[in-house]
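Heavy-atom basis, side chains included; hydrogens, waters and symmetry copies ignored. Numbers here simply count residues along the sequence, with the first being 1.
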Amino acid sequence: MSADFLAVPSASNPPEKENMANQPDFVPGLAGIPCAQSRVCFIDGSQGILQYRGFPIQDLAASCSFEETVHLLLFGALPDADALKAFKSELAEARALPDSVIATLRTLPKDGHPMDALTVAVSAMGMHFQGDHVKDEAFRRSCAIHLVAKLPTIVTSWHRVRQGLDPVAPRADLGHAANFLYMLEGEAPDELAAEVVDVALTLHAEHSMNASTFTGRVTASTLSDPFASVASAIGSLAGPLHGGANERVLETLRAIPDTSAEGVQKWAEERLANKDKIMGFGHRVYKVKDPRATILQGLATKMFKKLGPTPIYDVATRLETAMEALVGAKGIYPNVDFYSGIVYEKLGIPTDLFTPVFAIARVSGWLAHQLEQLDGNRIFRPSQIYIGDRDQKIQA
Ligand code: COA
């Protein structure tokens, strides 16, 4: 067979005019097309406003733990003191993994990406939770709790297993963020490290109809179970244009040969002239600086005061200044990924775990959307604009 079957219509090979008649407009990337009515998250990208269920992200980051944020996202309200205590212990009790899931992790190639290990383990976990999540509300709630509780255990267990170490069993007396850091290294973290991860998780917990949330909602709309919905969302988050960007920001910053202000400016000019995408900048929704990037930058400086400066942070701020002058007018500013990698690296989190940390947080948003999708569900089934040939005859 010739490679012609791969040919796609282009300016020099346009589709037949008649095929395009009476067709709706094609919107690449579904940009700006609403696909749900949602109460979970509000964003005003022109003003840099982000709210979870009506609460500004700045207030949640300053005053609420990640567990409170998860409660808000999943159940629609911040918990009172008693409800929070009960919710935290429910999460803590659900942290351990079935032995068979750990055994599955041990079979995977040790040089594989942690996001792939996460997908495998979440799918395997689903086999331990069989039931009717659509009709049984208590079961659905239990699946959600187990998913939020177990993702950090999967990520840290994988990280240990791939190094030939035994996983560290979770500690029920630690909060979600502190326990994650504990399971990673086997040592309880100090207060600042736990606080920084807690805030970072809150900042990444939810972000309306992004690619992974949309993916998860599409899967949920077929009435697939929450584990399948989350596994598909993880696959979507892994890509470099979405959650995978945070890993690449550090690579980008390290690739700048001359890190003086002039050198950084020149490097950015060359990249932009070359039409390269600079990781950690730009957003489909925000046309100003992502409010989460501002909060993360504050966390970074707080850490540097205690742990000492990180030269790469200075390169980052120079790049931000250069980019603002070069493409600020186009609405291209730092997004959430720009400073998160710098923060995680300072905490000693390995680079290829940055996106899994994103998933540990975002699972709460995915599940909030999954629950919302089931309420008055209609299966997603967009249309397409067919631009191929028609009525072809097979040559004898
Ligand atoms: N660096 C340089 N230019 C960028 C840019 C970036 N990071 N992001 C967008 N642009 C430019 C594009 O080149 C394009 O310019 P043009 O109009 O001259 O062709 C314009 O801005 C629009 O870009 P587009 O890719 O169409 O925007 P989008 O809304 O489809 O994409 C992202 C949004 C996030 C995928 C995109 O900004 C990107 O790839 N950023 C880098 C990856 C990243 O950090 N992702 C994490 C997102 S939280």
Side-chain angles (χ1 to χ4, degrees), residues 34 36-88 90-91 141 144-145 147-149 151-152 175-178 180 194-210 212-214 216-217 233 237 243 283-300 302 333-337 339-340 343 357-375:
Q37 289 185 310
S38 180
R39 291 191 160 78
V40 182
C41 180
F42 171 75
I43 303 176
D44 180 336
S46 62
Q47 296 191 59
I49 295 172
L50 167 61
Q51 301 183 349
Y52 299 167
R53 297 203 183 270
F55 291 94
I57 192 65
Q58 292 82 355
D59 295 352
L60 291 169
S63 319
C64 295
S65 64
F66 178 65
E67 286 93 325
E68 286 170 284
T69 305
V70 174
H71 192 286
L72 172 68
L73 289 169
L74 291 182
F75 310 124
L78 284 168
D80 62 19
D82 287 344
L84 178 61
K85 197 169 165 219
F87 186 57
K88 281 174 104 166
E90 225 182 328
L91 280 170
R141 185 182 193 284
I145 302 269
L147 275 158
V148 174
L151 251 64
H176 201 75
F180 165 68
E195 181 202 326
V196 167
V197 171
D198 185 83
V199 174
L201 293 179
T202 296
L203 296 179
H204 287 84
E206 162 58 16
H207 211 239
S208 80
M209 204 54 68
N210 52 83
S212 58
T213 300
F214 179 56
R217 265 189 101 128
L237 183 69
H283 201 280
R284 174 63 59 79
V285 179
Y286 294 117
K287 299 303 161 205
V288 294
K289 185 169 175 177
D290 186 328
R292 300 165 300 173
T294 306
I295 300 171
L296 278 165
Q297 199 173 359
L299 282 182
K302 191 171 170 183
Y333 284 91
N335 59 47
V336 68
D337 292 317
Y339 289 107
S340 63
V343 168
V357 173
F358 195 154
I360 286 171
R362 185 57 60 83
V363 67
S364 52
W366 292 332
L367 288 161
H369 279 271
Q370 200 233 4
L371 296 174
E372 196 176 65
Q373 181 62 36
L374 289 179
D375 195 8

**Q** Hey, is the main chain of S65 close enough, under 3.5 Å, to the side chain of D198 for a donor-acceptor pair?
**A** no

**Q** Does E67 reach the main-chain N or O of L84 with its side chain, forming a donor-acceptor pair under 3.5 Å?
**A**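 A pair under 3.5 Å: no.
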
**Q** For a side chain to side chain contact (heavy atoms under 4.5 Å, CB included) check, start with the C-alpha distance between L72 and L60, then their side-chain angles and the critical distance, and finish with the verdict.
**A** CA-CA 10 Å; L72 172 68; L60 291 169; 4.0 Å; yes

**Q** Where do H204 and V336 land on the side chain to side chain contact (heavy atoms under 4.5 Å, CB included) test, with the steps shown first?
**A** CA-CA 8 Å; H204 287 84; V336 68; 3.5 Å; yes

**Q** Could you grab the distance from atom CG of L73 to atom OG of S364, nearest 0.5 Å is fine?
**A** 5.0 Å

**Q** For I360 and F66, work out which heavy atoms get closest and say how close.
**A** O-CZ, 3.9 Å

**Q** Report the distance from atom CG of L299 to atom CD of E195, rounding to the nearest 0.5 Å.
**A**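 Taking CG in L299 and CD in E195, the distance rounds to 7.0 Å.
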
**Q** Tell me if the CG atom of D80 is crowded by more than 12 foreign heavy atoms within 6.0 Å.
**A** yes

**Q** In a check of ring-ring contact (aromatic ring centres under 6.0 Å, His included) between H207 and each of W366, F358, Y286, which one passes?
**A** Y286

**Q** What's the separation between atom CD1 in I145 and atom CG in L74, rounded to the nearest 0.5 Å?
**A**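 With rounding to 0.5 Å, CD1 (I145) is 7.0 Å from CG (L74).
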
**Q** If you compare all heavy atoms of L203 against all heavy atoms of R292, which two are closest, and at what distance to 0.1 Å?
**A**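 Minimum heavy-atom separation between L203 and R292: O-CD, 3.2 Å.
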
**Q** Heavy-atom distance under 4.5 Å between the side chains of C41 and L50, does that happen here?
**A** yes

**Q** Could you tell me the separation between the CG atom of N210 and the CZ atom of R284, rounded to the nearest 0.5 Å?
**A**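 Separation between the atoms: 11.5 Å.
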
**Q** Could you measure the distance from the SG atom of C64 to the CD1 atom of I57? Nearest 0.5 Å is fine.
**A** 9.5 Å

**Q** If you compare all heavy atoms of M209 against all heavy atoms of A36, which two are closest, and at what distance to 0.1 Å?
**A** CE-CB, 3.9 Å

**Q** For a quick test of reading the model, state the closest non-hydrogen atom pair linking G48 to V288 and the distance between them.
**A**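 Heavy-atom minimum between the residues: N-CG2, 3.4 Å.
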
**Q** Does some side-chain heavy atom of V357 sit less than 4.5 Å from a side-chain heavy atom of F180?
**A** yes

**Q** If you measure from CD on Q51 to CD on Q58, what distance do you get to the nearest 0.5 Å?
**A**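 Atom-to-atom, Q51:CD and Q58:CD are 8.5 Å apart.
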
**Q** Is there a side-chain contact between Y339 and I295 in this structure, where contact means two heavy atoms from C-beta onward sitting under 4.5 Å apart?
**A** no

**Q** Do P334 and K289 come close enough that some side-chain heavy atom pair is under 4.5 Å?
**A** yes

**Q** Can you confirm whether E372 sits close enough to Q37 that some side-chain heavy atom of one is under 4.5 Å from a side-chain heavy atom of the other?
**A** no

**Q** Looking at side-chain heavy atoms only, is the closest gap between E206 and R53 below 4.5 Å?
**A** no

**Q** Taking H176 for its side chain and A149 for its backbone only, find out whether a donor-acceptor pair lies under 3.5 Å.
**A**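 Here the side-chain-to-backbone pair does not exist.
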
**Q** Please report the shortest heavy-atom distance between L78 and E68, naming the atom on each side.
**A** CD2-O, 3.7 Å

